[in-house]
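Atoms within a ligand are numbered from 1 in the order they appear, just like the ligands themselves. Values reported hereafter were calculated over all heavy atoms of this structure, with side chains retained and with hydrogens, waters and symmetry mates removed.
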Amino acid sequence: MLGIETSCDETAASVVMGGDDVLSSIVSTSIDQHVAFGGVVPEIASRAHVVLIAPVIAQAIEQAGIPDTRIDAVAATVGPGLIGALLVGVAAAKSLALVWDVPFVAVNHLEAHLYAGLIEDPTLEFPLVVLLVSGGHTMLVEMQGPGRYRLLGETIDDAAGEAFDKVARFLGLGYPGGPAIDRESQYGDPESIAFPRAIPDSLDFSFSGLKTAVINHVRKHPDVVTADVAASFQTAVIDSLVAKARRAAPKVGAKGLALGGGVAANSLLRERWRTACDEDGIRAFVPSRAMCTDNAAMIAAAGWHCLRSDGPTALDAGAYPGLRLSFGR
Ligand code: KG4
Ligand code: ZN
């Protein structure tokens with residue numbers, strides 16, 4: 001399966017065999033072109049995809065060490081994401097499927113993030129509670145098997161990654177904010193400021209009040225050490241994420257807790273996730289950082305499962321910027 005991902009600023013292609021054997025994974029990003037704007041500029045991202053898509057696909061096939069005649073199907077992210085960016089990957093995937101006369105498979109980017117743990121540890125047992133934390137989404141999902149999900153909780157305002165990005169921008173730490181706060185926090189005291197943990201009794205999340213609390217605190221204490229703010233903020237976010245996932249696990253009889261999405265690259269989250277699972281006697285699935293952030297191996301893996309369960313996608317299917325994860329399939 002050749003997987004193609006172009007939903008945001010990463011142009012990625014990967015060849016995966018049998019749903020979990022990653023033969024190659026190439027990720028090229030246009031992030032450097034967006035830094036000056038403090039966020040991804042859709043038009044710039046689309047143009048970068050047009051330039052990068054063919055060489056990235058060629059490199060993925062070359063690195064896989066197979067002739068392109070061995071590719072049995074082509075999967076691409078059809079949403080959610082930036083429409084101009086999505087269209088580049090979808091058009092490339094459909095064209096190759098047509099030329100090679102193999103099936104095209106439409107993949108939901110969010111579903112693909114759920115598969116990250118599965119690719120690296122095929123021994124993973126269901127049911128699982130997966131925490132999907134990215135720049136646009138924060139969800140707790142019960143995964144009963146490939147393609148079988150139930151939403152347990154989600155953010156009622158900002159996504160966790162969005163909170164990291166907004167707070168980092170306010171603190172002058174740059175973009176993307178997640179890795180910047182992660183780094184800065186190493187030099188700060190996580191207990192120096194008691195930021196709020198919102199709606200603790202719910203499995204839903206809320207981060208916009210926390211963002212306001214950070215802004216108010218810094219305005220009131222202009223001499224506060226930035227690293228202390230970063231570390232206290234990060235701890236507040238991660239505390240909420242871990243506590244809710246942990247509370248969801250016994251409700252669904254989960255055998256394990258899995259992480260997915262860009263924020264799952266966060267050092268504190270990864271450490272606290274493992275500790276929580278050890279204490280609760282369930283398995284922790286913490287994918288490598290490269291598998292957490294946007295990549296095409298997860299698209300190919302999800303595509304493989306979708307092809308098996310639903311068959312090929314018609315070539316007149318489009319791209320869907322607001323696509324949601326479908327539950328209760
Ligand atoms: O999944 P992803 O690569 O793209 C989306 O589908 O959104 O996630 C990107 C998000 C950004 O908000 C970024 O700041 C955050 O993941 N992120 C992190 C870290 N690395 C990336 N957040 C916290 N700590 C990190 N180390
Ligand atoms: Zn993503």
| task | Hey, can you tell me if F164 and F233 have their rings parallel, tilted or perpendicular (30° and 60° cut-offs)? | result |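 Rings of F164 and F233: perpendicular, over 60°.
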| query | Between CD1 of I299 and CG of L2, what distance do you get to the nearest 0.5 Å? | reply |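 Rounded to the nearest 0.5 Å, the CD1-CG separation comes out at 11.5 Å.
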| field | Gap between atom NZ of K251 and atom CG of L140 - 0.5 Å precision | value |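 Rounded to the nearest 0.5 Å, the CG-NZ separation comes to 11.0 Å.
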| message | Quick check on side-chain contact (heavy atoms from CB on, under 4.5 Å): which of V133, D158, L132 does T138 satisfy it with? | response |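 That would be V133.
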Please could you name the atoms of ligand 1 that [X] approaches to less than 4.0 Å, counting only its heavy atoms?
X	value
D182	24 (N), 25 (C), 26 (N)
G161	12 (O)
H113	1 (O), 6 (O)
G136	7 (O)
D165	11 (C), 12 (O), 13 (C), 14 (O)

May I ask you to identify the nearest protein heavy atom to [atom], giving residue, atom name and distance to one decimal place in Å?
atom	result
atom 3 (O) of ligand 1	D294 N, 3.3 Å
atom 15 (C) of ligand 1	V263 CG2, 3.9 Å
atom 6 (O) of ligand 1	H109 NE2, 3.4 Å

Can you tell me if [X] and [Y] form a side-chain donor-acceptor pair at under 3.5 Å?
X	Y	result
S232	S192	yes
R197	T235	no
S30	D9	no

At a non-hydrogen distance cut-off of under 4.0 Å, which region of [X] contacts ligand 1 (side chain, backbone, both, or neither)?
X	result
E10	neither
H137	neither
N266	both

| Between OD1 of D294 and NE2 of H113, what angle is found at the Zn ion (ligand 2), rounded to 10 degrees? |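 Reported to 10°, the angle equals 90°.
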| task | Could you pull out, from A264, G262, G178, the option with a heavy atom nearest to atom 21 (C) of ligand 1? | result |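 Nearest heavy atom to atom 21 (C) of ligand 1 lies in G262.
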| task | Compare A112, A180, G135 and give the one whose heavy atom is closest to atom 9 (C) of ligand 1. | result |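 Heavy atom nearest to atom 9 (C) of ligand 1 belongs to G135.
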| message | Using a distance threshold of 2.8 Å, state whether an N, O or S atom of H109 lies below it from the Zn ion (ligand 2). | response |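 Checking H109: at least one N, O or S atom is under 2.8 Å.
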| message | So does A264 get a backbone contact from the side chain of W273, meaning a donor-acceptor N/O pair under 3.5 Å? | response |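 Checked: no pair found.
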| task | Consider ligand 1: state whether an atom of it lies below 4.0 angstrom from any non-hydrogen atom of P179. | result |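 Yes, P179 has a heavy atom closer than 4.0 Å to ligand 1.
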| query | Can you find a heavy atom in the side chain of C292 that is under 4.5 Å from one in the side chain of R270? | reply |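 Heavy-atom side-chain distance check passes, below 4.5 Å.
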| Are K211 and D157 close enough for a salt bridge, meaning some N to O gap below 4.0 Å? |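 Looking at D157 together with K211, the answer is no, because their closest N to O distance does not fall below 4.0 Å.
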